[in-house]
Amino acid sequence: MNILQLLPDTLKKIAVVPLDKKYNSVRSNCFRVGSPALVLTATNELQIKEWIEVNI
């Protein structure tokens, strides 16, 4: 199953997966280097809240 299929449409818009062009620029930060299956580029608290609710 594709990880994007598990997301509501509102979160699909902000999701970045390894095949996306901008993945390398968002997969790591100055605190942690990684290769996550999914990065959400949330811009507000509502998007973060929605992600939490989907995963509880």
Side-chain angles (χ1 to χ4, degrees):
M1 178 178 284
N2 184 332
I3 194 166
L4 291 175
Q5 293 173 330
L6 301 173
L7 296 176
D9 289 339
T10 54
L11 293 180
K12 286 178 186 173
K13 295 176 185 175
I14 62 168
V16 180
V17 294
L19 295 177
D20 289 335
K21 290 180 182 178
K22 64 182 179 179
Y23 178 78
N24 283 332
S25 67
V26 299
R27 71 182 180 97
S28 300
N29 61 39
C30 59
F31 299 108
R32 187 169 187 119
V33 175
S35 298
L38 173 75
V39 177
L40 292 177
T41 56
T43 58
N44 60 58
E45 292 174 7
L46 291 175
Q47 292 169 329
I48 295 167
K49 181 177 182 254
E50 185 174 12
W51 172 250
I52 292 168
E53 289 174 350
V54 166
N55 287 286
I56 291 183

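These values consider heavy atoms only, across backbone and side chains, with no hydrogens, waters or symmetry-generated copies. Throughout, residue positions are numbered sequentially from 1 according to the sequence presented.
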Should the heavy atoms of other residues, nucleotides or ligands under 6.0 Å from NZ of Lys13 be counted, would the total exceed 12? no

What are the two closest non-hydrogen atoms of Ser35 and Arg27, and how far apart are they? OG-NH1, 3.2 Å

Across all chains, not counting sequence neighbours, the side-chain hydrogen bond (donor to acceptor under 3.5 Å, both in side chains) partners of Thr10 are Glu50

Would you check if the side chain of Asp20 reaches a backbone N or O of Tyr23 as a donor-acceptor pair within less than 3.5 Å? no

Where do Leu40 and Leu11 come nearest, in terms of heavy atoms and distance? CD2-O, 3.8 Å

Taking all heavy atoms of Lys22 and all of Val16, pick out the closest pair and write down the distance. CE-CG2, 3.5 Å

Report yes if some heavy atom in the side chain of Ile14 is under 4.5 Å from a heavy atom in the side chain of Thr43; otherwise report no. no

Any side-chain heavy-atom pair of Val39 and Val17 under 4.5 Å: no

Closest heavy-atom pair, Pro36 versus Pro18, reported as atoms and distance to 0.1 Å, is O-CG, 3.9 Å

Identify whether the distance between the nearest side-chain nitrogen and carboxylate oxygen of Glu53 and Lys49 falls below 4.0 Å. yes

Between the CD1 atom in Ile52 and the CD atom in Glu45, the distance rounded to the nearest 0.5 Å is 10.0 Å

